[in-house]
Amino acid sequence: MMIKNNKQDFVNFIFNKGIIKFGKFRLKSGRQSPYFFDFGSFNDSSKIISLGNFYANSIIENKLEFDVIFGPAYKGIPICLSTVIALSNNYDINVNFAFNRKEKKGHGEGGNIIGAPIKGKRVLAVDDVLTSGKTIKETKEIVEDQGGILTSFLVALDRKEKAVNSQLSALEQAAKTYNVNIYAVASISDVMEYIKETYGDSYPYFSLIKSYLQEYGCEDIKNIK
């Protein structure tokens, strides 16, 4: 799966495979959202292979430079593995990867990192959705504890919401706070555009998402039509 319209193809995929769900969902931030990116729905080989392709395409598209891809436990682990496989299969790029355990292992190889050494390496971390800077903070601490440098972070979907107590988006705030370049395969703007073009703005959840973003969205999305 090579790059053509990676964002559009990804949005089409998550919409038609039921990865993005609509309803009422309470987020970690305490906000009640009319939509939810359900990573648990990547539950078969076909879907996880496709996910890796989308991430790999985004890495190539954004010309990201790194030495190791890191998957923070737990959701980042299958994303990391599927991404490095896609980079190898689609682009003939051999990539070092690593991921962490939640708890350190006291026997065998020990420690809490599995995979390639991180020390002295530029690290690209991958995860599902950025709703706050908590995951980035934790990942940065893990990487730096191993002597690595977290240079970039790639997520599937940018919700384009303001960070708590800030006018910046959660993505922008986290990038500024932790000095990390953050990218997304697609954003809620792309989802809204897909819904409008495919179903029209009368689609039941279009107006609900629009209202939600007018209240919680960052400045560049508040006036979405």
Side-chain angles (χ1 to χ4, degrees), residues 19 25-31 33 36-42 48 51-52 54-56 58-59 62 64-84 95-106 108-166 168-188 216 218:
I19 308 298
F25 304 95
R26 183 69 62 181
L27 306 178
K28 287 182 181 179
S29 62
R31 297 168 181 169
S33 172
F36 180 68
F37 184 86
D38 182 18
F39 183 78
S41 293
F42 285 101
I48 202 69
L51 181 68
F54 290 122
Y55 272 77
S58 190
I59 286 170
N62 287 291
L64 303 188
E65 296 183 356
F66 57 91
D67 302 307
V68 179
I69 293 183
F70 180 78
Y74 289 102
K75 293 177 182 177
I77 297 174
I79 298 173
C80 171
L81 296 176
S82 61
T83 299
V84 298
V95 179
N96 289 319
F97 71 89
F99 54 88
N100 67 304
R101 298 184 177 94
K102 284 289 188 179
E103 296 180 1
K104 289 186 178 181
K105 185 178 177 183
E109 75 277 18
N112 69 332
I113 302 295
I114 300 171
I118 292 175
K119 186 175 181 178
K121 304 296 184 181
R122 299 169 300 169
V123 176
L124 162 63
V126 291
D127 211 345
D128 61 339
V129 176
L130 178 65
T131 50
S132 71
K134 184 179 179 182
T135 299
I136 293 177
K137 178 178 182 294
E138 292 174 350
T139 302
K140 186 178 177 72
E141 289 172 351
I142 292 169
V143 169
E144 291 183 347
D145 183 60
Q146 296 294 317
I149 306 167
L150 182 63
T151 56
S152 48
F153 209 102
L154 175 62
V155 298
L157 188 70
D158 178 7
R159 293 181 60 95
K160 283 192 169 288
E161 293 180 30
K162 290 183 295 185
V164 178
N165 301 320
S166 174
L168 297 175
S169 72
L171 189 151
E172 291 170 332
Q173 184 66 56
K176 181 179 179 180
T177 301
Y178 302 110
N179 192 30
V180 175
N181 296 312
I182 307 175
Y183 303 86
V185 178
S187 74
I188 190 60
Y216 296 115
C218 53

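Taking both residues in full, the closest heavy atoms of Leu150 and Val180 are given as O-CG2, 3.7 Å, listed atom of the first, atom of the second, then distance. Between Val84 and Leu81 the shortest heavy-atom distance is CG2-O, 3.2 Å. The minimum heavy-atom distance linking Cys80 with Ala98 is given by the pair SG-O, 3.9 Å. Across every non-hydrogen atom of Leu124 and Phe153, the tightest pair is CD1-N, 4.0 Å. Closest approach of Asn100 to Gly71, counting heavy atoms only: OD1-O, 3.6 Å. The shortest heavy-atom contact between Ala174 and Ile182 is CB-CD1, 3.7 Å.
Distance check: Lys160 NZ to Ile188 CD1 gives 10.5 Å after rounding to the nearest 0.5 Å. The structure places OG1 of Thr177 at 9.0 Å from CD1 of Ile136, a figure rounded to the nearest 0.5 Å. Distance check: Leu64 CG to Ser152 OG gives 5.0 Å after rounding to the nearest 0.5 Å.
With sequence neighbours left out, the side chain to side chain donor-acceptor pair (under 3.5 Å) criterion links Asn62 to Ser58. Partners of Phe42 according to the ring pair (Phe, Tyr, Trp, His ring centres under 6.0 Å) rule, which considers only residues two or more places apart in sequence or in another chain, are Phe39. Listed by chain and residue number, nothing satisfies the ring pair (Phe, Tyr, Trp, His ring centres under 6.0 Å) test with Tyr183 (two or more places apart in sequence, or in another chain). Taking Gln146 as the reference, Asn112, Ile113, Ile118 meet the side-chain contact (heavy atoms from CB on, under 4.5 Å) condition, with sequence neighbours excluded. Every residue two or more places apart in sequence or in another chain that forms a side chain to side chain donor-acceptor pair (under 3.5 Å) with Ser33 is listed here: Arg159. Partners of Lys140 by salt bridge (Lys or Arg N to Asp or Glu O under 4.0 Å), not counting sequence neighbours, listed by chain and number: Glu144. Scanning for ring pair (Phe, Tyr, Trp, His ring centres under 6.0 Å) contacts around Tyr178 gives an empty result, with sequence neighbours left out. Every side-chain contact (heavy atoms from CB on, under 4.5 Å) that Thr83 has, sequence neighbours left out, goes to Tyr55, Ile59, Ile69, Ile79, Leu87. Among residues two or more places apart in sequence or in another chain, the side-chain contact (heavy atoms from CB on, under 4.5 Å) test is passed with Ser41 by Ile19, Lys21, Asp38. Take Glu138 and apply the salt bridge (Lys or Arg N to Asp or Glu O under 4.0 Å) test, not counting sequence neighbours, and it matches no residue. Under the salt bridge (Lys or Arg N to Asp or Glu O under 4.0 Å) criterion, Asp128 pairs with Lys75, not counting sequence neighbours. Judged as a side chain to side chain donor-acceptor pair (under 3.5 Å), and not counting sequence neighbours, the contacts of Glu141 are Lys137.
Judged purely by atom type and a 3.5 angstrom limit, Asp127 has no side-chain atom pairing as donor or acceptor with the backbone of Val155.
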Are Asn96 and Lys121 close enough, and set up right, to give a side-chain contact (heavy atoms from CB on, under 4.5 Å), and what steps lead you there? CA-CA 10 Å; Asn96 289 319; Lys121 304 296 184 181; 5.9 Å; no
